[in-house]
Amino acid sequence: MRLTSLLLTVSVIGVAHAQTPDDVTVALAIPPAVHDGAPYAAAEELGLFKEQNLAVKVLVFQGAGALLPQVASKRVTFGYPVAEPVISSYFNGKNPLPLRYFYNGTPAQTMEYTVLADSPVKTLADLKGKTIGVGALTWGTLPGSRAALRVAGLKPGKNVQFVAVGVLGSGFQALRSHQVDALNYNNSWGDIFELTGSKIHRIPYPDVFQEAPGNGFIAHQDTFKEHPDLIRRFGRAYTEAQYVCEINPGYCVRAFWRQHPESKPADADGKGFIEAKTLLTNRLQRTLYRADGTRRQPGEYDLAVIRNAIAAMAKAGEFPSAEVPVEKIFSNDFVPAFDDFDKQALRARAEAAR
C-alpha cells in the first residue's frame, strides 16, 4: 500500500512538472523576418519547444547595445547578438560582461557590401571616397565593417563614410537614388534586394573574416552553472526547427506567416511564397553548410578562426589587443546535445507538416 501511494505521488509530481514548462525569453536585436524567424515559428507550432518542456517568448530590442544589458541583468534568459560588443567589453577597463555564447547561430560571415550592378565600385578598395549606408550608426556590426575596410587600405571616417539610412526598403531606395554609393547589410537582405528586381554586385569581406561568427545565442555565466540543461534543451529544439525548415521550407514559411500575419505578402500563394522559400533556403544553406558543401556541426564555434579574426580586428585598430580569453566568451560545451535527436522521426513529421 505504501509503495502504491509512493508511486502515485511520483506520478502526480511528474505530470505537474510536464505541465509546467520552463519560461524562456529570447532577446533579438532586430525584428525577425521569414529567413531568420521561421525556425522559431516551426518550433512553436510543431511543439518542439514544448517537447523540451520550454515556453519560449521572443522579444525585440533596438540593437545589441539595448539587448546585452537585458541578458547581463538576467531580465531575459538568452540573447542573440553579434560578437563584437561582447569581445569589446574585455577592453573597457572594467569588468567584462558576464555573458557567454553557447550556440553559433551564424557561423559564416553574413555581412557584405552591396552596390548596384552598374556601379564602378567592384572591390573594397574602390569604396575610397564613397558613402556607405547602414541601418544605424549604433549597429554592433560596425567594428567589423570598419575593420574590413581597413584591411583593404581604407580609413573609415576619413576617406570613406558611413551614414544611417534605415533598414531594407529605405536603404534600398537610398542606393537606387544614389544617396549612398553602397549598403552594408547582411546577405539575406541582399537576397531581398535582388528579389525586388534590382541588379546588384556583392563585395565580400576579406577572407580572414569569412568564417568569423556573427549572431549567436548567449546566456549569463550563472545560467551555464545553474541551468545547463536549459541551454541543452533550447539549443536542441532550435536545431530541430532548422532541420524541419531545411526539409520543408514551405511549411516553415507558412508557420511564420501564421504567427506574423502582418508579414504575409499579398501574393502569398504565388510569387511571394516562392520568394520567401528562397530567402529561408538561402539562409539555411549558409548556416548549415560550409562553402565546400560539407555540413557544419550545429551551434559549434571554431575558436581558432575566432582568434584569427580578433587578431585581424586588433591589427586594423578596432580592438586594442588580440589578447582575449576566447574560450571564456565562446563555448562548445553543449554542442553534442544540440544534435541529439531522432532525425528520421523528425523528418517524417517535417514532411507531413503543412
Side-chain angles (χ1 to χ4, degrees), residues 7-29 31-32 36-61 64 66-81 86 97-105 215-245 252 255-256 258-260 297-301 329-343 345-346 349-350 353:
L7 289 175
L8 179 61
T9 301
V10 171
S11 176
V12 170
I13 292 173
V15 171
H17 176 72
Q19 293 175 344
T20 309
D22 294 316
D23 290 325
V24 169
T25 45
V26 180
L28 306 181
D36 56 4
Y40 295 100
E44 185 66 33
E45 196 171 279
L46 273 185
L48 303 177
F49 286 140
K50 185 178 181 180
E51 289 166 9
Q52 295 298 324
N53 203 36
L54 301 174
V56 177
K57 183 178 182 181
V58 175
L59 306 172
V60 179
F61 295 87
L67 179 161
L68 289 169
Q70 299 294 320
V71 191
S73 62
K74 303 183 190 177
R75 287 192 289 269
V76 299
T77 319
F78 304 134
Y80 194 67
V86 180
L97 289 168
L99 307 175
R100 197 176 183 197
Y101 286 91
F102 65 84
Y103 195 111
N104 190 353
N215 294 75
F217 289 110
I218 198 167
H220 195 284
Q221 292 172 357
D222 289 349
T223 305
F224 274 70
K225 301 173 186 176
E226 299 167 6
H227 305 288
D229 198 53
L230 194 68
I231 294 175
R232 294 187 188 95
R233 287 184 281 136
F234 174 80
R236 182 180 300 121
Y238 185 78
T239 302
E240 288 177 324
Q242 287 191 311
Y243 186 73
V244 167
C245 291
C252 288
F256 181 79
R258 284 191 283 268
Q259 293 192 20
H260 301 272
Q297 182 67 30
E300 185 176 41
Y301 285 100
I329 304 173
F330 303 94
S331 171
N332 287 321
D333 291 353
F334 308 108
V335 167
F338 299 152
D339 202 32
D340 183 18
F341 56 88
D342 187 335
K343 296 177 180 59
L346 187 58
R349 290 172 65 186

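All heavy atoms count here, side chains included; hydrogens, waters and symmetry mates do not. Predicted model only: the values in this text are computed from it and were never measured.
Here the two rings, on Phe78 and Phe102, have centers that are under 6.0 Å apart.
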Check the pair Glu45 / Arg349 against salt bridge (charged side-chain N to carboxylate O under 4.0 Å, His left out), numbers first and verdict last.
-> CA-CA 12 Å; Glu45 196 171 279; Arg349 290 172 65 186; over 6 Å; no

List the steps and the verdict of side chain to side chain contact (heavy atoms under 4.5 Å, CB included) for Arg233 and Asp22.
-> CA-CA 10 Å; Arg233 287 184 281 136; Asp22 294 316; 2.7 Å; yes

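Side chains of Ser331 and Tyr301 form no contact here, defined as non-hydrogen atoms less than 4.5 Å apart. Between Val26 and Phe217, the closest side-chain pair of non-hydrogen atoms falls below 4.5 Å. Asp339 has its side chain out of reach of Glu240: every pair of non-hydrogen atoms, C-beta onward, lies at least 4.5 Å apart. The shortest distance between side-chain heavy atoms of Phe338 and Ile231 falls below 4.5 Å. Residues Leu59 and Leu28 fail the side-chain proximity criterion, which asks for heavy atoms closer than 4.5 Å.
Residues Phe256 and Pro32 approach most closely at CZ-O, 3.6 Å, considering heavy atoms. Here the shortest heavy-atom pairing between Pro228 and Phe334 reads CB-CE2, 3.7 Å. When every heavy atom of Arg100 is checked against every heavy atom of Phe224, the shortest pair comes out as O-CE1, 3.5 Å. Nearest heavy-atom pair across Val335 and Pro298 is CG1-O, 3.7 Å. When all heavy atoms are compared, the tightest approach of Cys245 to Ala42 is SG-CB, 4.1 Å. The two residues Lys74 and Asp222 have their closest heavy-atom pair at NZ-OD2, 2.5 Å.
Between the CZ atom in Phe341 and the CD atom in Gln52 there is a gap of 10.0 Å [rounded to 0.5 Å]. To the nearest 0.5 Å, atom NE2 of residue His220 and atom CZ of residue Arg75 are 11.0 Å apart. Atom OH of Tyr101 and atom CD1 of Ile218 lie 4.0 Å apart (nearest 0.5 Å). In this structure, CG in Leu230 is found 6.0 Å from CG in Leu54, a value given to the nearest 0.5 Å. To the nearest 0.5 Å, the span separating CZ on Phe49 from CZ on Phe234 amounts to 5.0 Å. Atom OH of Tyr103 is separated from atom CZ of Arg232 by 15.5 Å, given to the nearest 0.5 angstrom.
By the 4.0 Å N-to-carboxylate-O rule, Lys57 lies too far from Asp23 to be salt-bridged with it.
Between the Arg236 side chain and the Asp340 main chain, a donor and an acceptor come within less than 3.5 Å of each other. Between the Asn215 side chain and the Gly105 main chain, no donor and acceptor come within less than 3.5 Å of each other. Judged by distance alone, the side chain of Thr223 and the main-chain N or O of Ala219 form no donor-acceptor pair under 3.5 Å. No donor-acceptor pair closer than 3.5 Å links the side chain of Asn332 to the backbone N or O of Glu300.
Not counting sequence neighbours, the partners of Asp342 by the side-chain contact (heavy atoms from CB on, under 4.5 Å) test are Gln344, Ala345.
A side-chain contact (heavy atoms from CB on, under 4.5 Å) with Val71 holds for exactly one of Val76, Leu97, Thr77; it is Val76.
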